[in-house]
Amino acid sequence: HTSSEPAGAIRAIDKHSVHQICSGQVVLTLATAVKELVENSIDAGATNIDVKLKECGAEQVEVSDNGKGVEEANFEGLTLKHHTSKLRDFSDLIHVETFGFRGEALSSLCALSGLSVVTCHESSQVGTKLVFDHKGHLVQRSPHPRQQGTTVSLQQLFSTLPVRHKEFQRNIKKEYAKMIHVLQSYCIISTGVRITCSNQNGQGKRSTVLSTSGSQSMRDSIGAIFGPKQLQSLLPFQQVSPTENIIEEYGLQNADLPKQLYSITGFVSRGDHGVGRSATDRQFFFINNRPCDPLKVTKVVNEVYHMYNRHQYPFVALNIAVASECVDVNVTPDKRQIFLQEEKLLLAILKTSLISMYEAGVNKINLNYTPLPNAASASEQSQAVPSHENTAEPGEDTHTATPSQKTSMNLAGLKAAFSSYCSSTSGSKSSSGKASNSGPTQKTLQSFFKDSVKPSTCSPSMKSPSKPARELTKASPVGRSVLDGFRYGSVSCADTDSEKDSAVSSCDVGVTMTTPEEVIDSSSVKNETFKEASEKSDTVPEDTDLETEAFISNQDTTVSPEAKRARKENPHFPAEQKSSTFSNSFEESSSIVDAPVCLQRRTVPLQFSFQELAGRMRRLREQQKQRAGEELQYRRFRAKINPGDNQSAEEELKKEISKDMFKEMEIIGQFNLGFIITKLNSDIFMIDQHATDEKYNFEMLQQHTVLQGQKLIVPQKLHLTAVSENVLIENIEIFQKNGFEFLVDEDAQVMERVKLVSLPTSKNWTFGPADIEELIFMLSDSPGVMCRPSRVRQMFASRACRKSVMIGTALSVSEMKKLVVHMGQIEHPWNCPHGRPTMRHLANLDIISQD
């Protein structure tokens, strides 16, 4: 820094600093480092790649291959910034087929670690060892025997960036797991390449983590990594072109869709329950064989899967082939984000294909089900309803049906919804019993369609008795929200199926059936309706409990759909309504007229002293302080005692009550032979005697039970993946506490190192490999933390339940005191293992009486 230059002058950063700053952006994690080296090997045409780590990659990473090797002429440029053999100028970027093309990886790795290369090109007799410094300059070369190919080794990754190095070592297990996941994606897509990965901790044995056989099919590679069990649950992806309502959902125009732009191949899990995964840990997406993370694609796949298997995630391995000019790979340094030109079309294809694959598999269960006689008529009519004469044509009348601008009607979705809804109405009759006859419901649907085109007070086609009409309006609000969803194009058809509870409620839209004799002279309602509706057009209280009819007059067409059901009048008192309307308008007119006003003024002398004012102010302040203190005392618990408020009630209790407060609680007595009423200061609590005792017993069982193992006659092979085997071996004592015992053979090949010798049994509960997999999954998230499989939890829960104080048992004060004190000794005292709340705030004495 020369003294002549001013402090704020703009100068170039020196080369070495630029190199260090930029390198840190290219290689962010262990996964990126290994990925770059493996990509280089695949680009060099290798058929055999071996990744070796020491201390999970913290000490050393070594990748060797049998590819082309590096020619002597290229030794110097090997690790220089932006030196690459893949492209000459920017226009080549479009047609790049290789993984690497920027020439940054090796130079960045030089800056972040000690890098050395041993390589032998097909043209040379003997290999060469090259050592590079942090700037990427070749500092040492010596002959070194080697077969054709290249080995790159990195010592002490990130050692040049102290903060990142420390973080890296602290999170090494997570980094390692992430690296394995990225490596798995290359194993799946690189058919014909054998990839193995092994790790060595300390001076211990080298353990294999991954190995593929180098077969030509993606399916075999998946089997080699995840075992034969994973293969049994997979469906090959079958591509179909998108259906018209999905095209509409994504806002695409059918005419200008490019044909045959995408070709998708791969595998996804079957939709049956129990076949999926409990997390998204096995989802791999590729675009033109390049592993990447397309967020929207992932979201669509998971959303469709959840329609068929709500509680799990699918295994996914999908390769999307697309013309290279429609893709931009050069977006992020790690090339995991990719821009696509026709992304919506891709999503539409994926959604349609997956739905058709899963729909084919869904209908395979045969039930001896005989349809009811009127189910046939219902399905016939459901065909009749969505025909075009009843619906508003897309171009012509939709604005009358949906007055507010935001509501775009997805017609195809609506049609599908109505047809599936009608059939579901008839299907669920036997169970729901609400719809005794499908005639009126179908008519109402038709009336809904007709009225959406020309709103009228009562359509002549509906001469049905008034009772069913009333019941329809009372139908549960669930259905209403479903239909609203369609009006706003948000609910997918599959969701409506799950809401079969509300069998008839699909008809509950603004248009309600009224019979001719109940129609009041609509002029009496017109004025008021319109006024109120326009005032409240956004916030309309939906009162579904009243047996009332909504009247739609002709001027209502301008009101938003919610307002259509705004006024609900009682049809039996027309006279009173007329008079109220009249008096309203009369009051309005009288308030507008001005009248002369006479004002008189008087002057009165006031006595005033500052001291008295000051005194009064003081007293006021004290009173306010006192009030503020009282506020704090008794507004701590606001949640009501009902199931909807459970979450907030628990949070309040957690915040306001600490464990030592349970000892100080005063027992008032037992209520209804099931609840203990206690008092703490001025708050009164109600404690469920069975739930608290159950929770205490459950936590004691969780902590102190050692499950007894039952020896197996023959040790059972588990076929775990390599990663899972390692998790199991590292946490073997947690498995032993849960009653599982294993025979570990370090020398066996991967996936056969661990055999099960003993299973936990407990009275009549038995456990098996599924529980082991669940434990492995929990432990891979939080290694070394004691945990139990969910079925062991269930067993403890039912055992704790049976040995607890039952509801209906009379308790003495000392027994009640013991239960309350126990609450202070457990981790989570707020609800029992079956989810029942243990304690709720009843009342505050200060609120009830202020003295």
Side-chain angles (χ1 to χ4, degrees), residues 53 56 173 176-177 180 183-184 187 195-213 220-234 274-275 277-278 281-282 315 705-793 795:
L53 306 174
C56 298
K173 281 274 189 287
Y176 177 63
I180 296 292
L183 202 53
Q184 284 168 345
C187 291
I195 299 180
T196 49
C197 173
S198 56
N199 177 41
Q200 178 183 17
N201 285 338
Q203 292 303 308
K205 264 191 87 295
R206 178 166 284 289
S207 61
T208 312
V209 193
L210 266 187
S211 73
T212 63
S213 54
D220 292 348
S221 302
I222 294 173
I225 307 165
F226 300 114
K229 197 167 156 216
Q230 179 69 76
L231 283 181
Q232 290 157 17
S233 69
L234 296 186
V275 167
R277 313 266 317 149
S278 45
D281 58 340
R282 290 190 186 171
F315 171 100
T705 314
V706 175
L707 289 170
Q708 294 307 309
Q710 165 79 54
K711 283 263 191 288
L712 301 178
I713 301 171
V714 181
Q716 187 182 349
K717 283 185 183 172
L718 288 175
H719 293 297
L720 297 172
T721 67
V723 184
S724 305
E725 279 186 343
N726 289 346
V727 171
L728 190 149
I729 295 167
E730 282 163 18
N731 297 287
I732 203 141
E733 61 288 342
I734 291 177
F735 285 91
Q736 282 161 356
K737 273 191 190 156
N738 279 310
F740 293 102
E741 287 189 17
F742 301 101
L743 192 71
V744 177
D745 175 11
E746 291 281 359
D747 302 327
Q749 66 184 77
V750 183
M751 288 189 176
E752 294 185 7
R753 285 183 296 179
V754 179
K755 288 186 182 135
L756 180 63
V757 259
S758 157
L759 273 176
T761 54
S762 192
K763 298 190 178 141
N764 49 0
W765 287 74
T766 54
F767 300 93
D771 303 292
I772 298 175
E773 283 189 10
E774 187 186 6
L775 262 183
I776 289 174
F777 179 71
M778 288 151 111
L779 287 167
S780 57
D781 270 1
S782 47
V785 179
M786 177 63 196
C787 51
R788 304 249 184 216
S790 53
R791 287 190 55 247
V792 173
R793 236 188 93 93
M795 178 184 76

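Just so you know, these numbers use all the heavy atoms, side chains as well, and skip hydrogens, waters and symmetry mates.
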Legend entry - Ser207 and Gln200 side chains, donor-acceptor separation under 3.5 Å: no
Inset, instruction - Enter the distance from Met786:CE to Ile734:CD1 here, rounded to the nearest 0.5 Å. - result: 6.5 Å
Inset, instruction - Identify the two heavy atoms, one from Thr196 and one from Ser211, that lie closest to each other, and give their separation to 0.1 Å. - result: CG2-CB, 3.5 Å
Inset, instruction - Take Arg282 and Gln184 through the side-chain hydrogen bond (donor to acceptor under 3.5 Å, both in side chains) test and state the conclusion after the steps. - result: CA-CA 9 Å; Arg282 290 190 186 171; Gln184 284 168 345; over 6 Å; no
Inset, instruction - Begin from the C-alpha positions of Phe740 and Phe767 and carry the test ring pair (Phe, Tyr, Trp, His ring centres under 6.0 Å) through to its verdict. - result: CA-CA 9 Å; Phe740 293 102; Phe767 300 93; 7.1 Å; no
Legend entry - Ser758/Gln710 under side-chain hydrogen bond (donor to acceptor under 3.5 Å, both in side chains): CA gap, chis, key distance, verdict: CA-CA 5 Å; Ser758 157; Gln710 165 79 54; over 6 Å; no
Legend entry - Under 3.5 Å donor-acceptor, Glu774 side chain and Ser790 backbone: yes
Inset, instruction - Please lay out, stage by stage, how Leu779 and Cys787 fare under the test side chain to side chain contact (heavy atoms under 4.5 Å, CB included). - result: CA-CA 8 Å; Leu779 287 167; Cys787 51; 4.0 Å; yes
Legend entry - Value rounded to 0.5 Å, distance of OH in Tyr176 from CG in Asn726: 5.0 Å
Inset, instruction - Report the C-alpha distance between Glu773 and Lys229 in whole Å, list the side-chain angles of each, state the deciding distance to 0.1 Å, and finish with yes or no for side chain to side chain contact (heavy atoms under 4.5 Å, CB included). - result: CA-CA 12 Å; Glu773 283 189 10; Lys229 197 167 156 216; 3.2 Å; yes
Legend entry - Glu741 side chain near Val757 side chain, heavy-atom distance below 4.5 Å: yes
Inset, instruction - Begin with the C-alpha distance, continue with both residues' side-chain angles, and end with the deciding distance and a verdict on side chain to side chain contact (heavy atoms under 4.5 Å, CB included) for Glu730 and Lys173. - result: CA-CA 12 Å; Glu730 282 163 18; Lys173 281 274 189 287; 3.3 Å; yes
Inset, instruction - Find out whether Phe315 and Asp281 are in side-chain contact, i.e. whether some heavy atom of one side chain is under 4.5 Å from a heavy atom of the other. - result: no
Legend entry - Note, Pro760 side chain near Val792 side chain (heavy atom, < 4.5 Å): no
Legend entry - Distance-only donor-acceptor check, side chains Asn199 and Arg206, under 3.5 Å: no
Inset, instruction - Any chance you could measure Ile180, atom CD1, to Cys56, atom SG, to the nearest 0.5 Å? - result: 8.5 Å
Inset, instruction - Identify the two heavy atoms, one from Gly768 and one from Leu759, that lie closest to each other, and give their separation to 0.1 Å. - result: CA-CD2, 3.9 Å
Legend entry - Between CD1 on residue Ile732 and CZ on residue Phe742, distance to nearest 0.5 Å: 6.5 Å
Inset, instruction - Ignoring hydrogens and angles, tell me if any N or O in the side chain of Thr212 forms a donor-acceptor pair with the backbone of Ser221 under 3.5 Å. - result: no
Inset, instruction - Mark yes or no for whether Glu725, through its side chain, and Arg753, through its backbone, hold a donor-acceptor pair below 3.5 Å. - result: yes
Inset, instruction - Mind checking the CZ-CG spacing from Arg788 to Leu775? Nearest 0.5 Å is all I need. - result: 9.5 Å
Inset, instruction - Dump the intermediate steps for salt bridge (charged side-chain N to carboxylate O under 4.0 Å, His left out) on Asp771 and Arg791, then the final yes or no. - result: CA-CA 7 Å; Asp771 303 292; Arg791 287 190 55 247; 3.3 Å; yes
Inset, instruction - Could you please spell out the steps behind the side chain to side chain contact (heavy atoms under 4.5 Å, CB included) verdict for Cys187 and Leu210? - result: CA-CA 9 Å; Cys187 291; Leu210 266 187; 4.1 Å; yes
Legend entry - Non-hydrogen side-chain atoms of Leu743 and Val754 separated by less than 4.5 Å: no
Inset, instruction - Can you measure from CG (Leu718) to NZ (Lys755) and round to the nearest 0.5 angstrom? - result: 10.5 Å
